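Heads up, the thing below is written out as structure tokens.
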Protein chains: 2
Amino acid sequence: MGSTIKDIAERLNISVSTVSYALNGGPRRVPDDVRARVLAVAKELDYRPNRVARAMVTGRSDTIGVVPPEVSEDVFLSPYLHLALNGVFNEAGRQHQDVLLFTRCSETEREEMASILVDGRVDGVIFIAPHFSEKAVELAMSTHAPCVSISGVPVEGVLTFCVDNEAGVAMALQHLYDLGHRKIAHIAGRLDMQDAIVRLQSYQAFLRSKRIPYREEWVGMGQFMIEGGRRAMNALLSLPEPPTAVFCANDEMAIGALMEAYACNRKVPDDISIVGFDNSPGTAHVYPTITTVAQPISDLGAAAVRALKQLIENTEPEESPIFPAQLIVRASTSRPMEHK
Amino acid sequence: MGSTIKDIAERLNISVSTVSYALNGGPRRVPDDVRARVLAVAKELDYRPNRVARAMVTGRSDTIGVVPPEVSEDVFLSPYLHLALNGVFNEAGRQHQDVLLFTRCSETEREEMASILVDGRVDGVIFIAPHFSEKAVELAMSTHAPCVSISGVPVEGVLTFCVDNEAGVAMALQHLYDLGHRKIAHIAGRLDMQDAIVRLQSYQAFLRSKRIPYREEWVGMGQFMIEGGRRAMNALLSLPEPPTAVFCANDEMAIGALMEAYACNRKVPDDISIVGFDNSPGTAHVYPTITTVAQPISDLGAAAVRALKQLIENTEPEESPIFPAQLIVRASTSRPMEHK
DNA sequence: GGGAGTTTGCGAAACGTTTCGGAAGATCAT
DNA sequence: ATGATCTTCCGAAACGTTTCGCAAACTCCC
């Protein structure tokens with residue numbers, strides 16, 4: 001087995017406390033020669049500090065917990081989570097924090113989630129896009145452990161990082177409006193998730209601001225997934241009066257919508273324009289490339305890590321939790337047919 | 001602060017050992033009525049076991065460590081790692097293991113990597129695609145901690161899960177050969193990574209088996225990245241005698257090659273055929289869709305977790321570490337020009 | 001009623017650290 | 001020489017568990 005601080009102490013006939021001080025360079029000083037001998041023996045014995053023991057006494061683990069959204073398997077495949085985790089992982093590395101990923105996502109085990117907050121293995125937790133139905137809310141409140149969330153439902157006292165959805169949606173729709181579109185449909189995401197709700201509301205608000213009547217049948221539900229986007233698009237194209245443009249609440253649904261449009265013999269953007277949201281990597285490689293609203297997802301993740309670190313250290317995080325959206329115009333949007 | 005086992009014991013005027021037995025249901029039994037009272041008080045006090053303390057005494061953390069490849073930032077964005085992590089995370093959840101991701105990837109800190117193996121926070125480690133230059137090899141050997149690797153360099157005594165690269169490459173090349181291609185180039189990946197080396201060797205072996213002479217200038221280096229694929233493709237197309245087909249060691253390079261082909265006014269597959277490797281999600285959505293060799297990356301990750309769990313529990317893992325490849329024929333390959 | 005066996009439960013050690021209190025010795029100014 | 005201050009370093013407590021050894025109190029059978 002690995003050697004311990006005690007082995008070093010015995011070898012040198014000194015006390016463990018002295019060894020600890022020498023190894024850590026503090027909080028009390030030890031004479032240089034003693035220190036040198038300790039380090040030499042430590043190297044010789046290939047000593048590795050036991051972080052668990054340290055965590056127990058210091059109460060700090062230098063590890064942050066990450067709780068991914070929802071219950072289903074293969075959550076990890078979503079581009080959104082992918083980018084968010086990328087930001088979290090990279091920033092965590094910079095901040096010298098390891099990441100403990102909470103993988104037990106089945107419904108029953110979800111209950112245990114609170115435990116991770118206080119079971120000593122992590123100093124704080126980042127929730128990624130927790131649902132409305134999620135208990136995360138109350139749990140986070142009940143323990144006093146530091147936590148922040150990304151694109152989650154707003155919870156009193158929990159710092160939530162997200163993109164400026166209102167502005168992003170407005171950009172996308174204004175772009176379509178400026179091209180001449182008036183028949184603009186929306187494919188919404190999972191309505192138990194904050195981003196989906198806000199994007200739907202912003203869509204409604206935009207129509208109102210332009211005095212375009214809201215039509216129930218022009219709003220489809222796509223569950224944030226390719227397949228959902230397909231189905232919603234199919235429904236829209238089957239309407240007696242189909243829209244000339246579709247704004248999708250994320251890129252996966254936009255990709256699904258795109259595929260379905262072709263499957264229904266509609267050309268994009270000639271017959272119908274499509275706009276996505278997220279600027280996930282795929283949108284630049286599909287044909288045609290998709291106009292989308294970029295949100296700096298990885299930056300959100302990184303900012304969340306920085307803020308969490310500050311909470312852990314009891315300094316007030318001051319970074320703004322709202323990140324700007326940016327319209328990326330590509331090839332999936334053009335003027336509507338009748339204007340050409 | 002959270003309550004401890006001791007609080008429960010005091011409240012009931014019993015010993016902590018009894019409480020521990022009651023809570024864990026073992027290893028000794030306690031009368032049902034006592035047990036019930038303990039559970040009631042635990043609930044009342046919102047008791048959460050401290051996993052760190054438990055880990056210290058049991059030596060088990062129910063957490064597995066994951067060490068991602070290489071040094072650069074944004075490793076996490078690669079589809080390969082994405083799929084591998086997806087498999088690892090999902091299977092870990094099923095096996096009731098959390099995942100500790102080792103994020104400190106800067107070169108100096110990489111040295112510390114050995115520590116994670118024995119610092120008590122994890123029961124075992126999965127290395128994902130470690131390089132040749134990596135110290136992971138010796139480190140893994142030196143500690144006796146359980147570890148496995150995915151697509152890494154083969155190390156004596158370390159179970160390595162990977163796809164059957166030879167067979168996969170042979171399928172891809174045979175497909176091109178059957179279509180009539182004889183001028184087949186290869187864009188290789190990072191040659192400090194096992195998959196890249198084996199795929200290059202398999203490419204050479206295939207040419208030999210068909211008595212096609214090997215031409216140095218038909219092998220480009222693409223570093224497994226889109227940009228590298230672009231550059232390599234550009235070089236190939238500038239040759240006095242360009243190839244009619246290109247086999248890329250991964251899909252990202254294939255996508256780069258595809259983009260560059262169009263940028264150079266070559267039609268795919270009419271002017272040049274392209275085959276990728278990995279079947280990463282993007283290949284089905286680009287235009288044209290890319291013929292590729294599918295490898296069950298997520299399954300590799302899942303198998304690695306299962307095997308690691310068995311190593312931890314001292315049972316011999318028996319699952320085969322070689323996974324089958326499968327050719328997915330899509331739209332980026334066709335007969336070469338001269339045969340049409 | 002006496003031994004064997006079972007049930008119940010207490011106390012304490014152990015895991016590997018960090019860090020505090022304080023003791024012993026050295027240094028120095030007066 | 002005397003106290004004051006500084007240096008060096010030891011012993012021990014603490015973190016929250018698990019689990020072992022042991023003892024007391026029951027149960028049961030002859």
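Quick caveat: nothing in here was measured; it's all calculated off a predicted structure. Every chain is numbered from 1 and lettered A, B, ... according to where its sequence line falls, protein lines coming before strand lines.
- In the region residues 13-23 of chain A, proximity to DNA chain C at under 4.0 angstrom, judged on heavy atoms, holds for A:S17, A:S20, A:Y21.
- Minimum interatomic distance between B:P130 and B:I150 (heavy atoms only, all atoms of both residues): CD-O, 4.2 Å.
- With sequence neighbours left out, B:Q310 forms a side-chain contact (heavy atoms from CB on, under 4.5 Å) with B:T315, B:P317, B:E318.
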Review item, nucleotides 22-27 of chain D N/O atoms under 3.5 Å of protein N/O:
none

Validation: residues 28-39 of chain A side-chain donor-acceptor distances under 3.5 Å, sequence neighbours left out:
| from | atom 1 | to | atom 2 | distance (Å) |
| --- | --- | --- | --- | --- |
| A:R35 | NE | A:A22 | O | 3.0 |

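- Residues satisfying the side-chain contact (heavy atoms from CB on, under 4.5 Å) test with B:N24, not counting sequence neighbours, are B:S20, B:R54.
- Comparing the end axes of the helix from C:dG1-D:dC30 to C:dT30-D:dA1, each fitted to five base pairs by superposing C1' atoms of four pairs onto the next four, gives an inter-axis angle of 50° (nearest 10 degrees).
- Under the side-chain hydrogen bond (donor to acceptor under 3.5 Å, both in side chains) criterion, the residue pairs touching residues 57-67 of chain B are A:R121-B:T63, B:R60-B:D123, B:S61-B:D123, with sequence neighbours excluded.
- Residue A:L300 holds its CG atom at 10.0 Å from CD1 of A:I128, rounded to the nearest 0.5 Å.
- Summarising the geometry of B:Y47 relative to B:S3, their closest heavy-atom pair is CD1-O, 3.3 Å, with the distance given to 0.1 Å.
- The only member of B:D119, B:V122, B:V66 that meets side-chain contact (heavy atoms from CB on, under 4.5 Å) when paired with B:L100 is B:V122.
- Residue contacts for B:V34: at a heavy-atom cut-off of 4.0 Å it reaches the sugar-phosphate backbone alone, with no base atom in range.
- Evaluation of the side-chain hydrogen bond (donor to acceptor under 3.5 Å, both in side chains) rule for B:T160 yields B:S149 as partners, not counting sequence neighbours.
- Listed by chain and number, the residues in a side-chain hydrogen bond (donor to acceptor under 3.5 Å, both in side chains) with B:D7 amount to none (sequence neighbours excluded).
- Read 5' to 3', the first and last nucleotides of DNA chain C with an atom closer than 4.0 Å to a heavy atom of chain B are C:dT8 to C:dG16.
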Residues 8-15 of chain A side chain polar contacts: donor-acceptor under 3.5 Å, at least two apart:
| from | atom 1 | to | atom 2 | distance (Å) |
| --- | --- | --- | --- | --- |
| A:R11 | NH2 | A:E44 | OE2 | 2.4 |
| A:S15 | OG | A:S17 | OG | 2.9 |
| A:S15 | OG | A:T18 | N | 3.4 |
| A:S15 | OG | A:T18 | OG1 | 3.1 |

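- Within the structure, every pair that satisfies the salt bridge (Lys or Arg N to Asp or Glu O under 4.0 Å) test and touches residues 301-310 of chain B, not counting sequence neighbours, is listed here: B:E91-B:R306, B:R306-B:E319, B:K309-B:E313.
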